[in-house]
Amino acid sequence: DIDTFGISIKHNNEIVGAVLLFHQGFLKIGDEKKSVINMSGWYVSREFRGLPSISLLKHMLERNKKCIITNFSANNIASKILLGVGFRQMKLKRATLLLSDCIFSFSGIKVTDISKDNIKIDDNLETRLEDGVGISYLEVRLKNKLINLIVKRRVLKRSIFGIKLNWRTASILWSSDEIFVSKYWKKISLKLLLYTKSMKLICDFSSTFPQKAKERISGYLFFSNTDKVDFLWPIQSEMNIFD
């Protein structure tokens, strides 16, 4: 949709660095419609890091200055550089919960898989949902209330005292009713953790934050020439593609 897979930097006609891009869709801001481009990967050969890397970023920003650019997976060093060239932190509050924290939060909540065609994203975001690694489209039912979720499952490999562990996590990338998720945070968490066979659940909130939940920074970044945008959900971003 954006007619490119990314941008590169060359030395003696050899590629020495690149930024990979995905098109997340279009965001309506009043009467204007902006492309949302996801910066999914950034790599520069070691000998060309520093000013050439910054030049590559600035070229990307200049080329896509009319778009909104997102980054959902920058490490600490990359985050500092991106913030230095004009990216901003998304105004999201992150809640995390371990299975042991909600094991007694039993409820009548039911979780089922549904087709992605049944998911209706917010009216201001135009995107084409596609299958991705670890992505599930779910319906959550409590009494007469129904909401939809897009959930990402990951297996994080960790080592403790030389013992290798596979740490299963689940992240809510989007929900059709953020207030509902906040209100029943622990109960929904227990059902989702059991359903996805995970040990930890992660969810970002833009408004109503669950009571007594520990607040963390999401680390999501974006670049935009408008102040009318505070955040974007990681729908159809690199989180769909990579495990």
Side-chain angles (χ1 to χ4, degrees), residues 24-25 27-28 36 72 90-156 166-220 229-237 239-240 243:
Q24 285 185 255
L27 185 68
K28 295 179 182 177
V36 181
F72 298 103
M90 294 191 192
K91 292 185 178 179
L92 293 171
K93 299 177 181 179
R94 171 162 294 179
T96 63
L97 203 61
L98 298 176
L99 180 60
S100 56
D101 296 328
C102 59
I103 195 65
F104 298 111
S105 301
F106 300 108
S107 68
I109 292 175
K110 294 182 179 180
V111 179
T112 55
D113 279 279
I114 60 173
S115 168
K116 61 179 180 289
D117 297 329
N118 293 334
I119 298 285
K120 187 179 185 304
I121 304 299
D122 310 324
D123 291 336
N124 63 335
L125 180 63
E126 293 181 13
T127 189
R128 182 177 62 249
L129 296 178
E130 297 177 357
D131 295 328
V133 177
I135 296 293
S136 297
Y137 300 101
L138 304 175
E139 180 182 86
V140 175
R141 178 190 295 268
L142 177 59
K143 298 180 181 178
N144 296 323
K145 180 70 174 180
L146 285 175
I147 69 164
N148 296 142
L149 303 176
I150 300 177
V151 174
K152 165 78 174 184
R153 286 174 287 183
R154 300 186 66 195
V155 178
L156 304 178
N166 291 330
W167 187 254
R168 294 179 177 272
T169 67
S171 300
I172 299 176
L173 303 187
W174 172 87
S175 71
S176 61
D177 192 330
E178 187 178 349
I179 296 175
F180 182 85
V181 175
S182 175
K183 183 177 180 180
Y184 298 102
W185 171 234
K186 280 195 173 184
K187 293 181 179 181
I188 290 176
S189 296
L190 177 61
K191 286 292 184 177
L192 285 178
L193 288 170
L194 294 175
Y195 191 82
T196 60
K197 299 178 182 179
S198 302
M199 298 298 296
K200 180 181 180 181
L201 183 68
I202 301 169
C203 184
D204 297 305
F205 294 86
S206 64
S207 56
T208 308
F209 195 74
Q211 291 184 357
K212 298 181 181 180
K214 293 181 180 179
E215 182 181 328
R216 301 177 184 273
I217 298 175
S218 71
Y220 293 166
V229 178
D230 292 326
F231 69 92
L232 293 105
W233 301 117
I235 303 170
Q236 294 305 118
S237 69
M239 294 185 70
N240 286 56
D243 187 17

Within this structure, what is the [atom1]-[atom2] distance for the pair [X] and [Y], rounded to the nearest 0.5 Å?
X	Y	atom1	atom2	answer
S100	L193	OG	CG	9.5 Å
S206	E178	OG	CD	3.5 Å
N118	D113	CG	CG	11.5 Å
D177	K183	CG	NZ	10.0 Å
L201	S189	CG	OG	4.5 Å

Given the rule in the side-chain contact (heavy atoms from CB on, under 4.5 Å) test, do F180 and L142 qualify, once you have shown the distances and angles that lead to the verdict? CA-CA 10 Å; F180 182 85; L142 177 59; 3.8 Å; yes
N/O donor-acceptor pair under 3.5 Å between [X] side chain and [Y] backbone:
X	Y	result
T169	K200	no
Q24	I235	yes
T196	L192	yes
Q236	T127	no

Test item: [X] and [Y] side chains (from C-beta on) under 4.5 Å apart, heavy atoms:
X	Y	answer
L92	W233	yes
F231	S218	no
V140	T112	no
Y195	L138	yes

Verify the neighbour count for atom [atom1] of [X]: are there more than 12 heavy atoms of other residues, nucleotides or ligands below 6.0 Å?
X	atom1	value
K116	NZ	yes
E130	CD	yes
I114	CD1	yes

Would K152 and V133 satisfy side-chain contact (heavy atoms from CB on, under 4.5 Å), going step by step from the backbone distance to the final call? CA-CA 8 Å; K152 165 78 174 184; V133 177; 4.0 Å; yes
Examine the side chains of S136 and R153 and answer whether a donor and an acceptor come within less than 3.5 Å of each other.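 Their side chains do contain a donor-acceptor pair, which is all the 3.5 Å distance test asks for.
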Between D131 and Y137, is any side-chain donor less than 3.5 angstrom from a side-chain acceptor? no
Return the set of residues passing side-chain hydrogen bond (donor to acceptor under 3.5 Å, both in side chains) with K120 (not counting sequence neighbours), or none when no residue passes.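 Result, side-chain hydrogen bond (donor to acceptor under 3.5 Å, both in side chains) vs K120: D123.
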Evaluate side-chain contact (heavy atoms from CB on, under 4.5 Å) for W174 paired with S176, printing each intermediate quantity in order. CA-CA 7 Å; W174 172 87; S176 61; 3.7 Å; yes
Does the pair L146 and E139 meet the rule for a side-chain contact (heavy atoms from CB on, under 4.5 Å), with working shown? CA-CA 7 Å; L146 285 175; E139 180 182 86; 3.7 Å; yes
Have a look at D204 and tell me which of R216, K93, R94 forms a side chain to side chain donor-acceptor pair (under 3.5 Å) with it.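 Of the listed residues R216, K93, R94, the side chain to side chain donor-acceptor pair (under 3.5 Å) partner of D204 is R94.
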